[in-house]
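All heavy atoms count here, side chains included; hydrogens, waters and symmetry mates do not. Given the structure is predicted, the values throughout are model-derived calculations rather than measurements.
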Amino acid sequence: MFSTSKLTRSLLLLAVIHLPALATTEEDPFADESWGDNSWAEESAQPWKLNGFIEAGQGTFLQNNVVNSDSSLSEINARLDFSYQHELFDFTAKGDLRYDDVLADTFWQTRELNVAFSPLSYLDVKLGRQVLTWGTGDYLFLNDLFPKDWQSFFSGRDDEYLKAASDSLRTSWYFSNITLDLAYTPDFTPDNYITGERFSFFSPQWQDNIAPASQFKVDQTNNEQWSARLASNYQGIEYALYGYHGFWTTPVGVNSIGMPYFPRLNSWGASVRMPIGDGIFNSEFSIYNSSEDGSGTSPLIANGQRRFLIGYEQELIKNLTASVQYYVEQTKDYQAFKASSSLPDQLVDEYRQLLTLRLRYMALQQKLVASVFAFYSPTDSDAYIKPSINYRYNDNWSYAVGANLFTGKDDFSFFGQHQNNTNVWARVRFQF
């Protein structure tokens, strides 16, 4: 039996009372309203906007796990969004107040707190807490080394929370049909990676799944990160070059006192996106240089990598869209990497391969969205499947259900280690 706060149960009960059958007529409940009303136009002209939502989420593991809670998700989240548009600048503030019953604690998270302005006709500036992203991959990140929240991703929160925020300065310079984006983060912002507080993971040392939670100590760094992108569009084809100077965003190194840490990382890459046939083709590559172990001989520091991606997306029939991706992750200096390992049989393949498939279907005037995203690795013999159904009842109420399903031949592979983290979840949101 999983633990749920009284507040969570109350809001879920309220949602059930309001939830209609999916066979409800597709007629627009607002069709008779007069959209030409002058008061609506006056309201839209206001320089400030204030809105938000309250959301309840509940998820449970489908198998026994070594973590402290039977719930993968059990929370009430209140979001407040505020924006102000001035002729000289835009100000944005977004924050989440969350009671997390899995951790039995309440948290405030500033999602955005920034100001954007254009001091020159060819320059845009955004300064403060913001969510940064670029690249062409779908759930696969090659040149996007901005922070991610993997605990949110695996628990069933909205996909918005996969991209984490950082305190950064972003500038965009425009030269004819070329754009140069520079992002500077003075204090390194890592991913919200798996630590054992919510999900377990495989430990090579213990040869078993563990959930250390607060005992998982990491040597932090507050040094700076730099990211750059040079992008252009020519005859409908999007091109981009990327560069990064900073650190691995997960603690893939072990220091001299045996504590995990974030080794230094430099990378560069490129991408292209273009229409082909009735769909969109994309390709991307990146080269990771793990600068603290250039020869790949240290078993305590992650080797550099070369990453390659190709993808294609197309609408198969009306309202049904499919996309596929093929991804290869090559470990550099692999023989040295293997020779220095004490567990060579548990190492990832030199050329780790991954296939993905996304199917997305919309119905009921796009109020109902059913989707499934599947990862499958033929080299690791493991998989991860994310099915979900989202239903928007009206402008205020929406509902979502889904699952995070893991399987694998080995307990130590990338997805195989999460088999006990398999979970189902449901969310109810009231937007205002």
Donor-acceptor contact below 3.5 Å, side chain Asp167 vs main chain Thr185: no
Using a 3.5 Å distance criterion without hydrogens, assess whether the side chain of Thr189 forms a donor-acceptor pair with backbone atoms of Asp187. yes
Gln58-Ser74 side chain donor-acceptor pair, cut-off 3.5 Å: yes
We want to know whether Asn192 and Asp149 form a side-chain donor-acceptor pair, criterion being a heavy-atom distance below 3.5 angstrom. yes
Begin from the C-alpha positions of Glu315 and Thr321 and carry the test side-chain hydrogen bond (donor to acceptor under 3.5 Å, both in side chains) through to its verdict. CA-CA 4 Å; Glu315 186 177 43; Thr321 302; 4.8 Å; no
Between Tyr391 and Tyr399, what is the ring plane arrangement, given parallel below 30°, perpendicular above 60°, and tilted in between? parallel
For a side-chain hydrogen bond (donor to acceptor under 3.5 Å, both in side chains) check, start with the C-alpha distance between Ser271 and Tyr242, then their side-chain angles and the critical distance, and finish with the verdict. CA-CA 8 Å; Ser271 69; Tyr242 307 87; 2.7 Å; yes
Will you find, in the side chains of Ser290 and Trp248, an N or O donor that is under 3.5 Å from an N or O acceptor? yes
Give a yes-or-no answer on whether the side chains of Ser200 and Asn209 include a donor-acceptor pair shorter than 3.5 Å. yes
Verify ring-ring contact (aromatic ring centres under 6.0 Å, His included) between Trp268 and Tyr244, making sure each step is shown before the conclusion. CA-CA 6 Å; Trp268 64 274; Tyr244 172 80; over 10 Å; no
Without swapping roles, check the side chain of Arg429 against the backbone of Phe53 for a donor-acceptor pair under 3.5 Å. no
Give me the ring orientation class for Phe153 and Phe375: parallel if the planes are under 30° apart, tilted from 30 to 60°, perpendicular past 60°. perpendicular
Taking atom CG as the centre, does Asp159 end up with more than 12 heavy-atom neighbours from other residues, nucleotides or ligands that are less than 6.0 angstrom away? yes
My understanding is that only one of Phe188, Tyr288, Tyr261 makes a ring-ring contact (aromatic ring centres under 6.0 Å, His included) with Phe247; could you say which? Phe188
Any side-chain donor near an acceptor of the partner, Glu112 and Asn114, under 3.5 Å: yes
I'd like to know whether CG of Asp278 has more than 12 heavy-atom contacts from other residues, nucleotides or ligands below 6.0 angstrom. no
Can you tell me how the ring of Phe406 sits relative to the ring of Phe154, calling it parallel under 30°, perpendicular over 60° and tilted otherwise? perpendicular
Would you check if the side chain of Ser267 reaches a backbone N or O of Asn289 as a donor-acceptor pair within less than 3.5 Å? no
Sub-3.5 Å donor-acceptor pair from the side chain of Glu292 to the main-chain atoms of Arg264, do we have one? yes
Check: Phe412 main-chain N/O paired with Gln346 side-chain donor or acceptor under 3.5 Å: no
Listed partners of Gln353 passing side chain to side chain donor-acceptor pair (under 3.5 Å), at least two apart: Tyr326
Going by the rule salt bridge (Lys or Arg N to Asp or Glu O under 4.0 Å), which residues pair with Arg79 if we only count those two or more places apart in sequence or in a different chain? Asp81, Asp96, Glu160
Exceeds 12 heavy-atom contacts within 6.0 angstrom, atom CD of Gln63: yes
Looking just at side-chain N and O atoms, do Asp382 and Tyr384 make a donor-acceptor pair shorter than 3.5 Å? no
Check: Asp293 side chain, Thr297 main-chain N or O, donor-acceptor pair, under 3.5 Å: yes
So that I can tick it off, tell me whether Asp144 and Arg307 are bridged by a salt bridge, with the cut-off set at under 4.0 angstrom between side-chain N and carboxylate O. no
Determine whether more than 12 heavy atoms belonging to other residues, nucleotides or ligands lie under 6.0 Å from atom NZ of Lys338. no
Please check if the number of heavy atoms outside Arg360 that lie under 6.0 Å from its CZ is greater than 12. no
Can a cation-pi geometry be assigned to Arg98 and Tyr161, taking NZ or CZ under 6.0 Å from the six-membered ring centre and within 45° of the ring axis? yes
Give the C-alpha distance, both sets of side-chain angles, the deciding distance and a yes or no for ring-ring contact (aromatic ring centres under 6.0 Å, His included) between Trp48 and Phe91. CA-CA 9 Å; Trp48 55 270; Phe91 174 77; over 10 Å; no
Heavy atoms of other groups near Trp206 CH2, more than 12 under 6.0 Å: no
Thr136 backbone acceptor or donor facing Glu284 side chain under 3.5 Å: yes
Under 3.5 Å, side chain of Thr422 to main-chain N/O of Gln419, donor-acceptor pair present? yes
Side-chain donor or acceptor of Gln151 paired with backbone N/O of Tyr193 under 3.5 Å: yes
